[in-house]
Protein chains: 2
Amino acid sequence: MAGFVSHFTNRLDAKGRVSIPAPFRAVLARDGFEGLYCIKSPHCAAVDAGGNELVSQIEKRWSEFDMMTPGHDALAVALFGASENPKIDGDGRMTISDMIREHTGITDQVTFVGLKYKFQIWEPEKFREYSAEAQKRALAMLSGQAPAPSRGEPA
Amino acid sequence: MAGFVSHFTNRLDAKGRVSIPAPFRAVLARDGFEGLYCIKSPHCAAVDAGGNELVSQIEKRWSEFDMMTPGHDALAVALFGASENPKIDGDGRMTISDMIREHTGITDQVTFVGLKYKFQIWEPEKFREYSAEAQKRALAMLSGQAPAPSRGEPA
DNA sequence: CGGGTTATTATGGGATACCATGGGAATTCA
DNA sequence: TGAATTCCCATGGTATCCCATAATAACCCG
């Protein structure tokens, strides 16, 4: 109904496990994907995660490339080679792999951020920085075409 | 019948709950959204809240941007990552989250302000200030072109 | 017109269910 | 066989559900 929305920060235990926020688990269950699909975000120090909806979105992008070009294989390597399928245990937890650790800088806490059709996995402090910047950027992007905005746009 | 109008101030109980004004609940029920959609207002110290109408308005703006651009994810983070979906209990109450507290300065009272297709959540004193300012600005805006007279808005 | 009665609403509080987290035991892999 | 993983259960804290009460507004009926 609502996709992945809002953000949550959970602790990583001694075994490297972390609880996936319950609201996100509910979305995943409805999506029907077994486990979780994870891929490095090309734009920032986060990992994109999701279920079938994310997978099909990625496959769609890939298939839009000409299959004959060498770039097709390269793209496949970039997309699927950089992916993982972590399991989700009975208590709704996943294990943070080395690949995720390296790409995000996660040590003892994890922030999950909903992006509707997918969610992102962040190191909390890095997310705070990115989020502040994203707010500014969003304001700039939206103010260009806002239908009925208020008057002045303060910083 | 006509969306969210008027404003109400309710008290926050020891558990951080507050009753959503009955007229607003009626609008939400008619809208059919499960729970409530909340997002920080970028322009002021308030939180925008609403149901499907607000959500679809936000989603529409988001989908107008090309999914390939790096800004797409940033926008999603700003729009959905910074949002929340508080539940509404059987008595028509919601819980004020830390995010709402921080952004609005709410401590023990909450003012709900109807804005037709959505409503805002304010700290009462901050709203009074903003409201006074808004009156002046509205007057200035209208005085240049308003054909219809009077229609004075009381405090 | 007025007295009484009911319905709705805001608020308080207790009980319960859910969730994040920790740790032990069993299992798998190298 | 040792290390890491997976499964299962325990627990504390929080949020949710449910019921009680008071105040207000709407209503009814004499």
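A note on names: the letters A, B, ... follow the listed sequences, proteins ahead of strands, and every chain is numbered from 1.
Side-chain to base pairing of Asn10(A) with dC19(C): no donor and acceptor N or O lie closer than 3.5 Å to each other. Residue Lys15(A) places a side-chain atom within donor-acceptor reach of the base of dT6(D), judged by atom type and a 3.5 Å distance cut-off alone.
With Ser97(A) as reference, Glu84(A) is the one residue of His103(A), Glu84(A), Glu102(A) to meet the side-chain hydrogen bond (donor to acceptor under 3.5 Å, both in side chains) rule.
Computed from coordinates, the Leu28(B) CG to dT9(C) P distance equals 14 Å when rounded to whole Å. Rounded to whole angstrom, the span from the CZ atom of Arg25(A) across to the C1' atom of dT21(C) amounts to 12 Å. Atom CG in Asp91(A) sits about 15 Å away from atom P in dT11(D), given to the nearest Å. Atom pair Ile88(A):CD1 and dT21(C):C1' shows a separation of 17 Å (rounding to whole Å applied). Taking atom CZ of Arg11(A) as the reference point, atom P of dT11(D) lies 19 Å away to the nearest angstrom.
Using a 4.0 Å heavy-atom cutoff across all strands shown, Asp89(A) reaches no nucleic acid atom at all. Ile20(B) comes within contact range of the sugar-phosphate backbone alone, with a heavy-atom separation under 4.0 Å but no base atom that close.
Of the candidates dA10(C), dC8(D), dT6(D), the closest approach to any side-chain atom of Ser19(B) belongs to dA10(C).
For the pair Arg93(A) and Ala14(B), both in contact range of DNA chain C, the more 5′-proximal nearest nucleotide belongs to Ala14(B).
Within the 3.5 Å criterion, the main-chain N or O of Asn52(B) finds a donor-acceptor partner in the side chain of Asp31(B). Using a distance-only test at 3.5 Å, with no hydrogens or angles considered, no donor-acceptor pair links the side chain of Asn10(B) to the main chain of Val18(B). With hydrogens and angles ignored, the 3.5 Å screen pairs a side-chain donor or acceptor of Asp89(B) with a backbone N or O of Asp91(B).
Taking only side-chain nitrogens and oxygens, Arg17(A) never comes nearer than 4.0 Å to OP1 or OP2 of dC8(D).
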